[in-house]
Number of protein chains: 2
Amino acid sequence: MNSQARARLKRIAESTVRRLSLYLRFLEDFEQRGLETISSDELARRGGTTSAQVRKDLSFFGSFGKRGLGYSVPELTTRIREIMGLAQTWRVIIVGAGKIGAALAQYGGFFQRGFHITAVYDNSPNKIGKPWDSHVIRDVRFLERDTAAERPDIAVLTVPAEAAQATLDRIVKAGIKAVLNFAPVQLQAPPDVTVRSVNMAMELEGLSFALINRDQPG
Amino acid sequence: MNSQARARLKRIAESTVRRLSLYLRFLEDFEQRGLETISSDELARRGGTTSAQVRKDLSFFGSFGKRGLGYSVPELTTRIREIMGLAQTWRVIIVGAGKIGAALAQYGGFFQRGFHITAVYDNSPNKIGKPWDSHVIRDVRFLERDTAAERPDIAVLTVPAEAAQATLDRIVKAGIKAVLNFAPVQLQAPPDVTVRSVNMAMELEGLSFALINRDQPG
DNA sequence: ACATGTGAACTGCTTCACAGCG
DNA sequence: CGCTGTGAAGCAGTTCACATGT
């Protein structure tokens, strides 16, 4: 049974997908260091999980290992890339050419693995037409027109909070099915559009909660 | 039973904590609009969850509502702030004065709610001594000395991936118990230190997975 | 002998449904 | 009567443990 067929059998948990990302990162590290095989136990140790978890995660997509031996590093790398959709290149647009967008573009080889920025938009006359990381910032008015022609796959939303929902609505209407949101608001989107949010304020609040709920000495 | 005592009874799920953050954001919005009371149903609708989930989340910390009526907006806001540890101010240091750190500081009133930046560090001679958002960038050599004196509560780690683990080790050794990591690596920390990671590459990969696993037409 | 692959058991989060109370 | 608060039921994700294959 091939991995794509298997994947469609049952909904894959988000936690599984996150761990696959993690394993992939380790595998690339191992690959670079010339390692030939790797065990579920080793992957687990690095990822802070258990070997059973690693094997279960992979089992949703097929059987990639050799009993008594482990997994071939290059093979498993390739398989996970395929599973995650990283064997192809995705066209990404950035909407909102502020500081976050800028940080993004230079973030640790961020857009290496199959993500290619095809356009950057803003609505500020001060920014439109200016160069931006080998692109020229476009007027966001042209979002719909450009999208029809260039068919980007993913939109990264880095506009101010107040504008986020309205901008998302336009992105959705234009037919883009995946959005990475950096605005600190909860967005509403139809079920066929996947929205992932990175909300730094929420992460900090999680730390705050952890700090006051640690077991005080005494 | 007061909320802090109750909270310590049982470990609170991370998902619950995330939703509390979300509810708080909605409550602040309602408060600003002058609303007096709010039902679990309304909070659920805005947060994309169910009213039972909202009530269960709150029930871990006490009973804050009035039957037949709902929750007092100002009261519930205050209670959640207390629960989350946002009634106090946390001292935050930023380690790594690159683009991400800069984006962070201006990110939608990011450091309003109880988070106060007390120092910014870098190791680059080009940056040390330069002004940075009402601070002067300090030499990271002084991290330990400063921490002993100024006792920051949270460290935001925005150094390059290669330096992240070593820098975290220093932060941990200096006695800081909460870290928000932006480097795209899996970090190892002792169990009494809470590390939350924001990994944008991983989020993008999640979108990639969602895109190739959508039910194709035909 | 050793590490995978996987049903079965378990744990814990979510949803249900209704008693309790304003 | 309406909405909360909460045991109980349901479900999903994790862990266990062992049969399986090399």
Side-chain angles (χ1 to χ4, degrees), chain A residues 1-3 5-7 9-23 26-27 30 35-73 75-76 79-80 83 206 209, chain B residues 1-3 5-7 9-23 26-27 30 35-73 75-76 79-80 83 206 209:
Chain A
M1 174 178 282
N2 84 39
S3 47
R6 179 77 84 98
L9 246 47
K10 205 179 178 300
R11 216 186 103 50
I12 302 297
E14 187 174 307
S15 50
T16 295
V17 178
R18 300 193 101 87
R19 282 191 299 268
L20 288 176
S21 269
L22 213 53
Y23 304 154
F26 303 151
L27 284 164
F30 292 136
L35 276 159
E36 266 309 307
T37 56
I38 189 76
S39 66
S40 57
D41 201 59
E42 189 104 2
L43 280 170
R45 186 167 13 262
R46 286 259 268 168
T49 181
T50 66
S51 63
Q53 180 75 79
V54 172
R55 295 197 300 276
K56 184 65 89 177
D57 287 338
L58 296 174
S59 78
F60 294 127
F61 303 96
S63 307
F64 310 130
K66 291 195 216 321
R67 288 163 200 257
L69 225 144
Y71 303 88
S72 150
V73 170
E75 193 200 316
L76 188 56
R79 302 310 295 265
I80 296 186
I83 291 165
F209 181 84
Chain B
M1 174 179 283
N2 83 39
S3 47
R6 177 79 83 99
L9 245 45
K10 204 178 180 303
R11 218 186 101 54
I12 302 297
E14 186 174 308
S15 50
T16 295
V17 178
R18 299 193 102 88
R19 282 192 299 269
L20 288 176
S21 268
L22 213 53
Y23 304 156
F26 302 152
L27 285 162
F30 291 139
L35 276 160
E36 266 308 308
T37 57
I38 189 75
S39 66
S40 57
D41 200 59
E42 188 104 2
L43 280 171
R45 185 163 18 256
R46 287 258 268 168
T49 181
T50 66
S51 61
Q53 181 73 80
V54 172
R55 296 197 299 276
K56 184 65 86 179
D57 286 338
L58 296 174
S59 77
F60 295 125
F61 304 96
S63 306
F64 310 130
K66 290 192 216 324
R67 287 160 200 255
L69 225 143
Y71 302 88
S72 151
V73 170
E75 194 200 315
L76 188 57
R79 302 310 296 267
I80 296 185
I83 292 165
F209 180 83

Distance check needed: C:dT4 P versus A:R79 CZ, whole Å only. 16 Å

Set of residues satisfying side chain to side chain contact (heavy atoms under 4.5 Å, CB included) with respect to A:R18, sequence neighbours excluded: A:E14, A:R196, B:E203

Between B:L58 (CG) and C:dT14 (C1'), how many Å, whole number? 15 Å

Please tabulate, for side-chain N and O atoms in residues 48-56 of chain B, each donor-acceptor pair with protein atoms closer than 3.5 Å (sequence neighbours left out).
unit_1	atom_1	unit_2	atom_2	d
B:T50	OG1	B:Q53	N	3.2
B:S51	OG	B:R55	NH1	3.3
B:Q53	NE2	B:D57	OD1	3.2
B:R55	NH1	B:S40	OG	3.2

Residue A:S39, side-chain heavy atoms: nucleotide from D:dT6, C:dA3, D:dT4 that is nearest: C:dA3

Measure the distance from CG on B:L43 to C1' on D:dC3 and round it to the nearest whole Å. 13 Å

Mind checking side chain to side chain contact (heavy atoms under 4.5 Å, CB included) for A:L76 and listing every partner two or more places apart, or none if nothing turns up? A:L27, A:L43, A:L58, A:F64, A:Y71, A:I80

Indicate for each nucleotide in nucleotides 17-22 of chain C, in 5' to 3' sequence, whether protein heavy atoms under 4.0 Å reach the base (B), only the sugar-phosphate (S), or nothing (-). B-BBBS

For C:dG5, take OP1 and OP2 only and decide whether either is under 4.0 Å from a side-chain N or O of A:Y71. yes

Apply side chain to side chain contact (heavy atoms under 4.5 Å, CB included) to A:R45 and list each qualifying residue two or more places apart in sequence or on a separate chain. A:D41, A:E42

Report yes if the side chains of B:F61 and B:I12 come closer than 4.5 Å at any heavy-atom pair, otherwise no. yes

Mind listing the N/O atom pairs, protein and nucleotides 12-14 of chain D, below 3.5 Å?
unit_1	atom_1	unit_2	atom_2	d
D:dT14	OP1	A:R19	NH1	3.1
D:dT14	OP2	A:R19	NH2	2.9
D:dT14	O5'	A:Q53	OE1	3.3

Does B:E36, at its CD atom, have more than 12 non-hydrogen atoms belonging to other residues, nucleotides or ligands within less than 6.0 Å? no

List in chain and number order the residues that pass side chain to side chain contact (heavy atoms under 4.5 Å, CB included) with B:S15, two or more places apart in sequence or in another chain; answer none if no residue qualifies. B:A13, B:R19

